[in-house]
Amino acid sequence: MDIVFREQKGETTGHNLIKPNNIPTPNKWLNNEVTVAWLGHASFLINFFGTRILIDPALNSHIGITPIGNLTIGPSRYIDSALKSDEVGPIDLLLLSHAHTDHFDYPTLRKLQSPDTLVITAKNTLPLWNGMKFKSIEEMHWQESKSLAGVNVKAIEGKHWGARIPWKKGMEANSLLLSKNDVNLFFGADTGYTELIKQQLSEVPIDLAIMGIGAYSPKSFEASHATPEQAWKMAEEISAKWIIPMHWGSFSLSREPMEEPIIRFRQAASGQIEKVAIQETGVTWILPR
């Protein structure tokens with residue numbers, strides 16, 4: 001599958017932003033379906049049978065530290081976010097897998113504040129939410145489950161760490177299992193290859209697995225970010241019916257070339273490429289029923 005990009009001049013980044021070929025239209029999504037849109041990097045907007053879910057939103061031009069207000073110092077985007085904060089629409093459930101700046105983006109989260117939105121965050125990260133106003137903000141530890149907005153959310157242990165500040169070693173990182181109406185979605189978040197995920201999901205039929213495939217170079221990074229081949233292997237080990245590769249193409253966070261992850265992932269999926277539901281930022285996919 002060839003990807004052709006259009007370019008636009010980034011007003012705040014100083015380089016050419018790649019504009020997604022596809023833009024989601026969440027106001028048109030149906031509440032009797034499972035609809036998933038990849039907004040870029042690890043950010044997903046989902047209508048899960050009428051429950052609006054946003055995962056790890058980092059929707060601005062940069063990610064990084066925010067020493068003053070929303071001023072962000074860090075990497076700029078290569079591919080523009082498919083939607084901005086004011087375009088995602090009402091959110092019932094906001095899920096943050098861990099506190100690293102490419103998953104936990106303060107400027108985005110501040111714009112998303114709403115008295116109607118429930119938040120799930122990783123263990124020992126609650127202090128990071130001080131001053132933000134949501135309906136509720138709850139931590140989850142591995143193996144804990146909560147029923148929120150009609151969805152059962154379970155924290156799954158992967159192979160990653162979650163400290164936003166190096167000495168805050170108690171901050172954890174979650175993968176997430178989402179279940180509703182006998183449909184199970186697995187959000188792998190950041191994880192190196194591990195059999196822990198297979199063990200925790202051994203009795204769960206996975207309809208869709210969203211797996212990170214980037215930030216694996218240099219070799220030492222593989223301890224916390226799976227290679228494309230390892231991501232495919234983990235999805236196969238949990239017998240996922242459909243797979244979405246993520247965590248590639250939006251930001252340069254490691255040494256591999258920008259498009260190498262998806263090229264290698266397609267090679268790993270050779271012969272079963274029809275199981276790959278989304279391969280481009282901005283694409284919307286509806287779970288077949």
Side-chain angles (χ1 to χ4, degrees), residues 1 3 20-59 79-85 87-97 103 108 112 117 120 148-154 156 174-190 201 204-214 231-232 234-235 238-250 262 265 269 272-289:
M1 177 180 178
I3 299 176
N21 291 319
N22 303 277
I23 302 298
T25 55
N27 59 315
K28 298 180 180 179
W29 296 354
L30 301 179
N31 290 338
N32 62 351
E33 296 177 332
V34 179
T35 306
V36 179
W38 184 32
L39 306 186
H41 197 57
S43 304
F44 284 83
L45 182 62
I46 302 172
N47 186 330
F48 199 177
F49 295 122
T51 303
R52 300 285 183 124
I53 302 171
L54 185 60
I55 305 177
D56 284 1
L59 308 182
I79 300 178
D80 203 6
S81 175
L83 293 174
K84 303 301 182 186
S85 301
E87 296 173 328
V88 298
I91 300 300
D92 300 307
L93 190 53
L94 178 60
L95 305 176
L96 277 293
S97 64
H103 298 255
T108 299
L112 291 170
T117 300
I120 290 294
L148 298 161
V151 174
N152 189 72
V153 182
K154 184 175 183 179
I156 300 297
N174 291 333
S175 297
L176 297 164
L177 175 65
L178 311 179
S179 304
K180 184 176 182 178
N181 295 352
D182 296 321
V183 171
N184 298 295
L185 312 181
F186 175 66
F187 179 74
D190 281 5
L201 300 178
V204 183
I206 301 298
D207 294 279
L208 170 67
I210 301 173
M211 307 297 297
I213 67 168
W232 176 263
M234 284 190 287
I238 60 175
S239 301
K241 295 177 184 176
W242 301 92
I243 304 164
I244 296 175
M246 65 159 188
H247 208 276
W248 69 275
S250 297
I262 192 61
F265 187 78
Q272 299 185 76
I273 195 68
E274 69 280 354
K275 291 173 61 174
V276 182
I278 292 176
Q279 297 185 52
E280 285 188 62
T281 298
V283 169
T284 298
W285 175 78
I286 299 173
L287 177 71
R289 293 285 283 169

Hey, can you tell me if Trp38 and Trp248 have their rings parallel, tilted or perpendicular (30° and 60° cut-offs)?
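The rings of Trp38 and Trp248 sit tilted, inter-plane angle from 30° to 60°.
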
Classify the ring geometry between Phe265 and Trp232 as parallel (under 30°), tilted (30 to 60°) or perpendicular (over 60°).
perpendicular

Keeping [X] on the side-chain end and [Y] on the backbone end, is there a donor-acceptor pair under 3.5 Å?
X      : Y      : answer
Asp207 : Asn184 : yes
Ser250 : Gly40  : no
Asp56  : Ser97  : yes
Thr35  : Asn47  : no
Ser85  : Leu112 : no
Thr51  : Ala149 : yes

Under a 4.5 Å cut-off applied to non-hydrogen side-chain atoms, are [X] and [Y] in contact?
X      : Y      : result
Pro20  : Asp80  : yes
Pro26  : Leu83  : yes
Ile273 : Gln279 : yes
Ile23  : Thr25  : no

Interatomic distance, [X] atom [atom1] to [Y] atom [atom2] [nearest 0.5 angstrom]:
X      : Y      : atom1 : atom2 : result
Leu185 : Ser179 : CG    : OG    : 7.5 Å
Leu93  : Ile46  : CG    : CD1   : 9.5 Å
Ile238 : Met211 : CD1   : CE    : 6.0 Å
Met246 : Ile243 : CE    : CD1   : 13.0 Å
Leu59  : Glu87  : CG    : CD    : 9.5 Å
Leu178 : Leu95  : CG    : CG    : 6.0 Å

Check Val151, Leu45, Val153, Leu148 against Ile53 for a side-chain contact (heavy atoms from CB on, under 4.5 Å) and give me the one that passes.
Val151

Do you know the tightest heavy-atom contact between [X] and [Y]?
X      : Y      : answer
Thr117 : Ile91  : OG1-O, 2.6 Å
Leu287 : Trp285 : CD1-CH2, 3.4 Å
Phe48  : Val183 : CZ-O, 3.4 Å
Pro57  : Leu54  : CB-CD2, 3.7 Å
Ser43  : Ala58  : OG-N, 3.0 Å
Ser175 : Gly188 : OG-O, 2.6 Å

Atom CG of residue position Asn32 - does it have more than 12 heavy atoms of other residues, nucleotides or ligands inside 6.0 Å?
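Yes, CG of Asn32 has more than 12 neighbouring heavy atoms, counting only those of other groups under 6.0 Å.
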
Count the heavy atoms belonging to other residues, nucleotides or ligands that lie under 6.0 Å from NZ of Lys241, then report whether that count exceeds 12.
no

Please report the C-alpha distance between Trp29 and Thr284 in whole Å, then the side-chain angles of each, then the deciding distance to 0.1 Å, and finally whether the side chain to side chain contact (heavy atoms under 4.5 Å, CB included) criterion is met.
CA-CA 10 Å; Trp29 296 354; Thr284 298; 3.8 Å; yes

